[in-house]
Visitor: 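Structure incoming, see below.
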2 protein chains.
Amino acid sequence: MLDEDVKTQARSHTKCASCPVRHRAVCARANSDELTLLDSVKFYKTYQAGQTIALRGDPLEVLSSVVSGTATLSQSMEDGRTQIVGLLLPSDFIGRPGRDTVAHDVTAVTEVTLCCFRRKPFENLLVNMPHVQVRLLEMTLDDLDAARDWMLLLGRKTAREKIASFLLLIAHRSVANAEKTLANEVRIELPLSRETMATYLGLTIETVSRQFTALRKDGLISLDGTRSVFVPDVAALAAEVGDGE
Amino acid sequence: MLDEDVKTQARSHTKCASCPVRHRAVCARANSDELTLLDSVKFYKTYQAGQTIALRGDPLEVLSSVVSGTATLSQSMEDGRTQIVGLLLPSDFIGRPGRDTVAHDVTAVTEVTLCCFRRKPFENLLVNMPHVQVRLLEMTLDDLDAARDWMLLLGRKTAREKIASFLLLIAHRSVANAEKTLANEVRIELPLSRETMATYLGLTIETVSRQFTALRKDGLISLDGTRSVFVPDVAALAAEVGDGE
DNA sequence: CGACCGCTTTGACAGAGGTCAAATGAGGTT
DNA sequence: AACCTCATTTGACCTCTGTCAAAGCGGTCG
């Protein structure tokens, strides 16, 4: 994990106190003692858009939290078919204490900054950081719920429902810091290209594009450029996802 | 969770020492102190095939391990479309410490016996059972990996690949107790009906049935009745799943 | 033994989404 | 402004899987 090509990386330290994900990441409920421990061993690392962060099967030497940017977890078949199995947005955790191999490919889709910990020291510190331990289990359970929700999407939803679900997912996650409820109209900045969305939604790029066009023609969204989506009526879009919420 | 309709249930105690899942379940690495704790609070509960064990949104009052039988975790949409998001086989854990609501519908597909713990007492004991705590995180991570593997199957695999993957999954899980490697030929007893398989694989029952027929015509499997599958050449079937393993 | 019931298989057909190919558009660069 | 590149959109067509319907099969129960 985390190759050593220094040309494309940057390292630096930032005080946890001023960290943008301080209250949502694995350290969310750490007390000041725990925070001091973490602060002493962490280091930052930045990856450029498109860069591979880790490959399945690599020795797992570094665990990290996403501080800024977007990355994906993906799984591929021999013939190249690929499915994104997780979106990594700021505050998400990468890697598993207790595992010694990377389970899925990790790729930066925008410039990504990670707050990294070497695995062994982190595991050793963990016994002295009960709040971090609990938070880690909690985040893992959240990831599991998210994965299972996505299974319903992949197995049963139509292309239109998939796109609507995705737009609302991004809308929710991007306001997660601020208010928890969505306004009646929202502007969404998509962190993913059409192709990456397709890989996440179990579709092809053409189908994604056609569904964007269809939603636009139906007045459910309007586009400003290709990455900026305006939703004039969130409830109307939510009615397209098919399930209760 | 765990409704109180006594007509369809049975309760009893069994010593952990003689438990068939003692070395694979959440108690796998419990020491004798921890085991004594668990033993003192656990109780067994049996559900009939087809019975609902818990529904999404129910208050989560009981956590449990599957001792025998097969159950499913599933998620449904308003219009009835349903996706099974997890198979629960012996040794699997149901429920999440720290959550107060059931996240997915749980249904018995065969007669199922659970080893149950009331949630609050279990959570309190957990701080005194570090080995159980670690095992729980480990099992949750395994579940997460399994869910993500399934996302690849649901999003990208063809019907034939899905069936082949499923057969090999069941083959592996049913010998998990004994040897870890699969012989070159295997007999598989399916715990699921065609319909339940379809719900798990993101297919319809007709497609599942057609793929069984196709695999049989291609000599990759033979059927004895409808639930017993003989695989004469495991490697040949494995070549049909599409991915590395 | 024969009727019945639920599960499974098979058939005919339709449609959603994939494939292949070309056109359009949006950013950069010179 | 003209050009280049790459992402996106659109079009035409095809195929896999879903839908609807009927037939087959295996138990069970009178």
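Convention: sequence-line order gives letters A, B, ...; per-chain numbering from 1.
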Visitor: Quantify the bending of the helix from C:dC1-D:dG30 to C:dT30-D:dA1 as the angle between its end axes, each fitted on five pairs, to 10°.
Guide: 30°
Visitor: Donor-acceptor pairs under 3.5 angstrom involving side-chain atoms of residues 142-153 of chain A: please list them, not counting sequence neighbours.
Guide:
residue  : atom : partner  : partner atom : Å
A:Asp142 : OD1  : B:Arg99  : NH2          : 2.6
A:Asp145 : OD1  : B:Arg96  : NH1          : 2.9
A:Asp145 : OD1  : B:Arg96  : NH2          : 3.2
A:Asp145 : OD2  : B:Arg99  : NH1          : 2.8
A:Asp149 : OD1  : B:Gln75  : NE2          : 2.9
A:Trp150 : NE1  : A:Tyr200 : O            : 3.0

Visitor: C:dG27 C1' sits how many Å from A:Arg227 CZ, rounded?
Guide: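 So the CZ-C1' distance, A:Arg227 to C:dG27, works out to 13 Å.
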Visitor: Mind listing the side-chain donor-acceptor pairs of residues 222-239 of chain B below 3.5 Å, one per line with the distance, residues two or more places apart or on another chain?
Guide:
residue  : atom : partner  : partner atom : Å
B:Thr226 : OG1  : B:Arg194 : NH2          : 3.2
B:Arg227 : NH1  : B:Leu190 : O            : 3.4
B:Ser228 : OG   : B:Arg187 : NH1          : 2.8
B:Ser228 : OG   : B:Glu189 : OE2          : 3.1
B:Asp233 : OD1  : B:Ala235 : N            : 3.2
B:Asp233 : OD1  : B:Ala236 : N            : 3.2

Visitor: Tell me yes or no: between the side chains of A:Thr196 and A:Ser193, is some donor less than 3.5 Å from an acceptor?
Guide: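 Looking only at side-chain atoms, A:Ser193 and A:Thr196 do form a donor-acceptor pair, the distance falling under 3.5 Å.
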Visitor: Over how many whole Å does the gap from A:Leu223 atom CG to D:dA7 atom P extend?
Guide: 18 Å
Visitor: What integer distance in Å separates A:Ile163:CD1 from D:dT9:C1'?
Guide: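 Computing the A:Ile163:CD1 to D:dT9:C1' distance gives 14 Å.
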Visitor: Taking A:Gln211 for the side chain and A:Val208 for the main chain, is one N or O donor matched with an acceptor at less than 3.5 Å?
Guide: no
Visitor: Side chains of B:Thr113 and B:Thr46: any donor to acceptor distance under 3.5 Å?
Guide: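 Side-chain D/A pair, B:Thr46 to B:Thr113: present.
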Visitor: From CD of A:Glu161 over to C1' of C:dA16, roughly how many Å is that when rounded to an integer?
Guide: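 Rounding to the nearest Å, CD of A:Glu161 and C1' of C:dA16 are 12 Å apart.
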Visitor: Taking NZ from A:Lys162 and C1' from C:dG17, how many angstroms apart are they, rounded to a whole number?
Guide: 9 Å
Visitor: Closest nucleotide of DNA chain C for A:Thr226 versus for A:Thr207: which of these residues is on the 5' side?
Guide: A:Thr207
Visitor: Side chain of A:Glu206, heavy atoms from C-beta onward: which of C:dG18, C:dT8, C:dT19 has the nearest atom to it?
Guide: C:dT19
Visitor: Taking atom types as modelled, find out whether A:Lys45 and A:Ser64 have a side-chain donor-acceptor pair closer than 3.5 angstrom.
Guide: no
Visitor: Quick one, which residues of residues 193-205 of chain B touch DNA chain D with a heavy atom under 4.0 Å?
Guide: B:Gly202, B:Leu203, B:Thr204
Visitor: Apply salt bridge (Lys or Arg N to Asp or Glu O under 4.0 Å) to B:Glu240 and B:Lys162, showing your working.
Guide: CA-CA 9 Å; B:Glu240 297 289 334; B:Lys162 287 178 176 181; over 6 Å; no
Visitor: Without swapping roles, check the side chain of B:Gln83 against the backbone of B:Thr199 for a donor-acceptor pair under 3.5 Å.
Guide: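 Answer holds: yes.
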Visitor: Contact list please: residues 209-222 of chain A against DNA chain D, heavy atoms, distance less than 4.0 Å, in numerical order.
Guide: A:Ser209, A:Arg210, A:Thr213
Visitor: Are the side chain of B:Arg156 and the backbone N or O of A:Leu203 linked by a donor-acceptor pair below 3.5 Å?
Guide: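 Side chain of B:Arg156 to backbone of A:Leu203: a pair is present.
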Visitor: Is there side-chain contact between B:Leu63 and B:Cys116, with at least one heavy-atom pair below 4.5 Å?
Guide: no
Visitor: Check the distance between D:dT17's P and B:Arg156's CZ and give it to me in whole angstrom.
Guide: 14 Å
Visitor: On a heavy-atom basis, which atom in A:Ser91 and which in A:Arg173 lie closest, and how many Å separate them?
Guide: OG-NH2, 4.3 Å
Visitor: What does nucleotides 23-29 of chain D look like as a protein-contact string, B for base, S for sugar-phosphate only, - for none, at under 4.0 angstrom between heavy atoms?
Guide: -------
Visitor: Under 3.5 Å, is there a donor-acceptor pair linking the side chains of B:Thr207 and B:Thr204?
Guide: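 B:Thr207 vs B:Thr204: donor-acceptor pair found between side chains.
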Visitor: Can you tell me how far P of D:dT17 sits from CG of A:Leu154, to the nearest Å?
Guide: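 Atom-to-atom, A:Leu154 to D:dT17, this comes out as 16 Å.
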Visitor: In whole angstroms, how far is the P atom of C:dA16 from the CZ atom of B:Arg81?
Guide: 12 Å
Visitor: Distance from B:Asp92 atom CG to B:Leu87 atom CG, nearest 0.5 Å?
Guide: 8.5 Å
Visitor: Look at A:Arg160 together with A:Asp218 and state whether they make a salt bridge at an N to O cut-off of under 4.0 Å.
Guide: yes
